[in-house]
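Worksheet for the structure shown next.
Numbers restart at 1 for each chain; the letters A, B, ... are given by sequence-line order, proteins then strands. These numbers were taken from a predicted model, which means no experiment stands behind them.
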Amino acid sequence: MSANSANTDAQQLKRTRIKLAAWWEANARDLPWRFGRTSPWGVLVSEVMSQQTQMSRVVPYWTDWMARWPDAQALADAPKADVITAWGRLGYPRRALRLQECARVVTEQYHDELPHTYEELIGLPGIGDYTASAVLSFAFGKRIAVIDTNIRRVLSRVFLGVESLGGAASPAERALANRVLPEQSGAGESVTWNQSVMELGAVVCTAKSPLCEACPVADDCMFLKLGRPGLGQRRTRPRQRFQGTDRQVRGLVLAALRELPAGASLPRKDAGKLWNDQVQLASCIASLDDDGLIEITEDDMLRLPQG
DNA sequence: CTCCCGTACT
DNA sequence: AGTACAGGAG
């Protein structure tokens with residue numbers, strides 16, 4: 001690589017950062033956990049709820065949740081059944097259980113304060129690489145590269161001119177994210193960068209039909225320069241169908257239990273009406289029990305976990 | 001890599 | 001009907 005092209009890359013990067021920061025200032029969605037209006041715990045709750053779930057659906061759940069359980073201690077003390085019920089139709093209810101387990105660890109081991117290191121955060125239930133990085137950046141203002149599906153797609157398009165493919169983030173993708181992350185010279189440039197790249201991916205640089213006409217960094221986007229090669233190319237293998245899967249059956253069982261009066265339980269015989277295939281149903285009930293999402297009483301009744 | 005869940009898009 | 005969504009755990 002010549003000195004000239006390296007210089008050009010540096011200028012492209014600088015322009016991109018400036019334009020994106022300005023775009024963020026003018027266009028950031030006014031989500032209730034943004035702009036310092038909540039605690040680090042509130043940020044964590046928003047991140048967990050947002051895993052594989054659209055933000056627009058998260059907002060009302062987050063608002064009610066935080067009003068009811070403002071901190072880790074409050075959530076730690078709640079009955080499991082209440083937590084599962086409050087999770088409602090957000091999906092992936094094991095997230096709710098893990099969030100409460102996380103709250104209990106934070107309460108007992110960290111005196112109701114989220115830890116400030118990546119190693120400690122990633123050791124908490126339900127917190128992986130993305131969520132740990134997001135909390136460090138968005139809640140604590142630390143300089144760390146946040147890597148999620150949006151950021152991978154945007155960085156790959158803008159700087160490499162190709163679609164981000166495959167499952168887990170590659171070492172090359174991580175290296176790129178770290179290379180373009182602003183130095184923390186002043187007031188949280190890296191935080192704004194993480195948030196604005198992610199936001200751009202969510203509302204402009206979307207997977208299937210990006211709004212390049214409305215993109216603040218279109219002039220410096222390698223993907224657009226190259227004619228958007230392979231646009232919308234499958235990022236992952238075709239997903240497992242939902243109809244008929246254990247996920248559907250588990251969802252049906254849990255929904256039935258959520259609808260019962262508080263503390264009530266459902267005879268297994270009645271649960272049998274929820275699904276035709278009794279073998280699959282029994283297997284799903286057992287797996288829900290294993291996951292701690294339901295309890296099976298001695299007289300073979302199903303209910304949401306007490307305690 | 002596979003499974004986990006529910007909704008809103010095209 | 002298919003697909004995407006601020007992922008995590010086994």
Side-chain angles (χ1 to χ4, degrees), chain A residues 28-29 31-34 42-62 84 87-99 101-102 121-139 144-155 163-169 177 191 193-211 231-258 280 283-284 287-288 290-294:
Chain A
R29 288 171 294 178
L31 302 169
W33 50 84
R34 285 182 171 171
V43 172
L44 173 62
V45 172
S46 79
E47 294 301 340
V48 172
M49 287 184 170
S50 301
Q51 291 165 3
Q52 295 291 286
T53 305
Q54 294 87 339
M55 310 291 308
S56 56
R57 293 181 48 223
V58 168
V59 173
Y61 283 96
W62 183 89
I84 294 169
W87 197 258
R89 309 182 79 73
L90 266 180
Y92 296 111
R94 289 188 298 182
R95 293 184 295 170
L97 237 40
R98 293 198 189 110
L99 184 57
E101 290 165 18
C102 176
L121 284 169
I122 208 169
L124 294 169
I127 301 190
D129 172 72
Y130 163 74
T131 306
S133 304
V135 167
L136 287 172
S137 180
F138 305 151
I144 185 169
V146 175
I147 300 179
D148 78 317
T149 182
N150 281 321
I151 290 188
R152 288 171 62 192
R153 182 175 59 251
V154 172
L155 296 185
E163 290 286 38
S164 170
L165 304 173
V191 178
W193 173 258
N194 284 327
Q195 290 201 284
S196 57
V197 174
M198 203 177 305
E199 185 83 343
L200 191 75
V203 302
V204 174
C205 194
T206 55
K208 283 184 63 182
S209 42
L211 305 170
L231 173 63
Q233 189 175 336
R234 260 209 321 268
R235 195 175 60 71
T236 58
R237 266 190 352 289
R239 277 282 179 185
Q240 176 195 28
R241 298 282 66 79
F242 178 68
Q243 288 295 328
T245 62
D246 288 356
R247 285 154 61 204
Q248 181 184 18
V249 179
R250 287 167 54 108
L252 285 172
V253 173
L254 213 50
L257 295 186
R258 271 200 307 259
Q280 183 182 21
S283 159
C284 288
S287 75
L288 285 168
D290 287 343
D291 288 344
L293 282 165
I294 69 170

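- Non-hydrogen atoms lying under 4.0 Å from DNA chain B are contributed by nothing in residues 194-201 of chain A.
- Listed nucleotides: dA6(C), dG7(C), dC4(B). Nearest to the side chain of Q51(A): dG7(C).
- Evaluation of atom-type donor-acceptor distances gives a pair under 3.5 Å for the side chain of R34(A) against the base of dA6(C).
- Between the side chain of E199(A) and the backbone N or O of R29(A) there is at least one donor-acceptor pair closer than 3.5 Å.
- Side chain of R258(A), nearest nucleotide from dC5(C), dC5(B), dG6(B): dG6(B).
- The separation of dC5(C) from dC5(B), taken at their C1' atoms, amounts to 12 Å, rounded to a whole angstrom.
- By the ring pair (Phe, Tyr, Trp, His ring centres under 6.0 Å) test, W33(A) pairs with W62(A), sequence neighbours left out.
- The distance from atom CD1 of I84(A) to atom C1' of dC5(B) is 14 Å, rounded to the nearest whole Å.
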Inset, instruction - Could you check Y92(A) against Q52(A) for side-chain contact (heavy atoms from CB on, under 4.5 Å), going step by step and ending with a plain yes or no? - result: CA-CA 9 Å; Y92(A) 296 111; Q52(A) 295 291 286; 3.9 Å; yes

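- Candidate nucleotides dC5(B), dG7(C), dA4(C) were compared by shortest atom distance to the side chain of A207(A), and dA4(C) ranks first.
- Each of W33(A) and I127(A) was matched to the nucleotide of DNA chain C holding its nearest heavy atom; the match closer to the 5' end belongs to W33(A).
- Distance, L165(A) CG to dA4(C) P: 12 Å, rounded to whole Å.
- Spacing between atom CG of L288(A) and atom P of dC4(B) amounts to 10 Å, rounded to whole angstrom units.
- For the pair L44(A)/C102(A), a side-chain contact is recorded, criterion being any heavy-atom separation below 4.5 Å from C-beta on.
- The separation between M49(A) atom CE and dC5(C) atom P is 21 Å, rounded to whole Å.
- Rounded to whole angstrom, the span from the CZ atom of R152(A) across to the P atom of dC5(C) amounts to 11 Å.
- Across all strands, I151(A) comes closer than 4.0 Å to no nucleic acid atom at all (heavy-atom distances).
- Within 4.0 Å of R98(A), counting heavy atoms only, lie sugar-phosphate atoms of the nucleic acid but no base atom.
- Side-chain atoms of Y130(A) and E47(A) form a donor-acceptor pair, as typed in the model, at a separation below 3.5 Å.
- Atom CG in L252(A) sits about 12 Å away from atom P in dC5(B), given to the nearest Å.
- Atom pair R247(A):CZ and dC4(B):P shows a separation of 7 Å (rounding to whole Å applied).
- dT7(B) and dG8(C) have their P atoms separated by 22 Å, with the value rounded to a whole Å.
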Protein-nucleic acid N or O pairs under 3.5 Å, nucleotides 8-10 of chain B:
none

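- Annotation: side chain to side chain donor-acceptor pair (under 3.5 Å) contacts of S196(A) (sequence neighbours excluded): none.
- With sequence neighbours left out, the side chain to side chain donor-acceptor pair (under 3.5 Å) criterion links E163(A) to R157(A).
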Side-chain donor-acceptor contacts of residues 200-211 of chain A below 3.5 Å, not counting sequence neighbours, with atom names and distances?
from, atom 1, to, atom 2, distance (Å)
T206(A), OG1, S209(A), O, 3.2

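- In this structure, I122(A) reaches neither bases nor backbone, as no heavy-atom distance under 4.0 Å exists between it and the strands shown.
- Between the CD atom of Q52(A) and the P atom of dA9(C) there is a distance of 13 Å, given to the nearest Å.
- Between dG7(C) and R95(A), no contact under 4.0 Å exists linking OP1 or OP2 to a side-chain N or O.
- Regarding contacts with the backbone of dC5(B), a side-chain N or O of R250(A) is found under 4.0 angstrom from either OP1 or OP2.
- At least one side-chain nitrogen or oxygen of R153(A) sits closer than 4.0 Å to the OP1 or OP2 atom of dC5(C).
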request  = Using the side-chain contact (heavy atoms from CB on, under 4.5 Å) rule, take R258(A) and L254(A) through it: C-alpha gap first, then chi angles, then the decisive distance, then the call.
outcome  = CA-CA 6 Å; R258(A) 271 200 307 259; L254(A) 213 50; 4.3 Å; yes

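- Two residues, G91(A) and A168(A), neighbour DNA chain B, and the one matched to the more 5' nucleotide by heavy-atom proximity is A168(A).
- Here the side chain of T131(A) is nearest to one of dA6(C), dC5(B), dG7(C), namely dG7(C).
- Residue D129(A) is in sugar-phosphate contact alone, with no base atom involved, counting any heavy-atom pair closer than 4.0 Å across all strands shown.
- With hydrogens and angles ignored, the 3.5 Å screen pairs a side-chain donor or acceptor of R95(A) with a backbone N or O of M49(A).
- Annotation: of the two residues near DNA chain C, N150(A) and L124(A), the 5′-most nearest-nucleotide partner is N150(A).
- Here the side chains of Y61(A) and R89(A) are in contact, with some heavy-atom distance below 4.5 Å.
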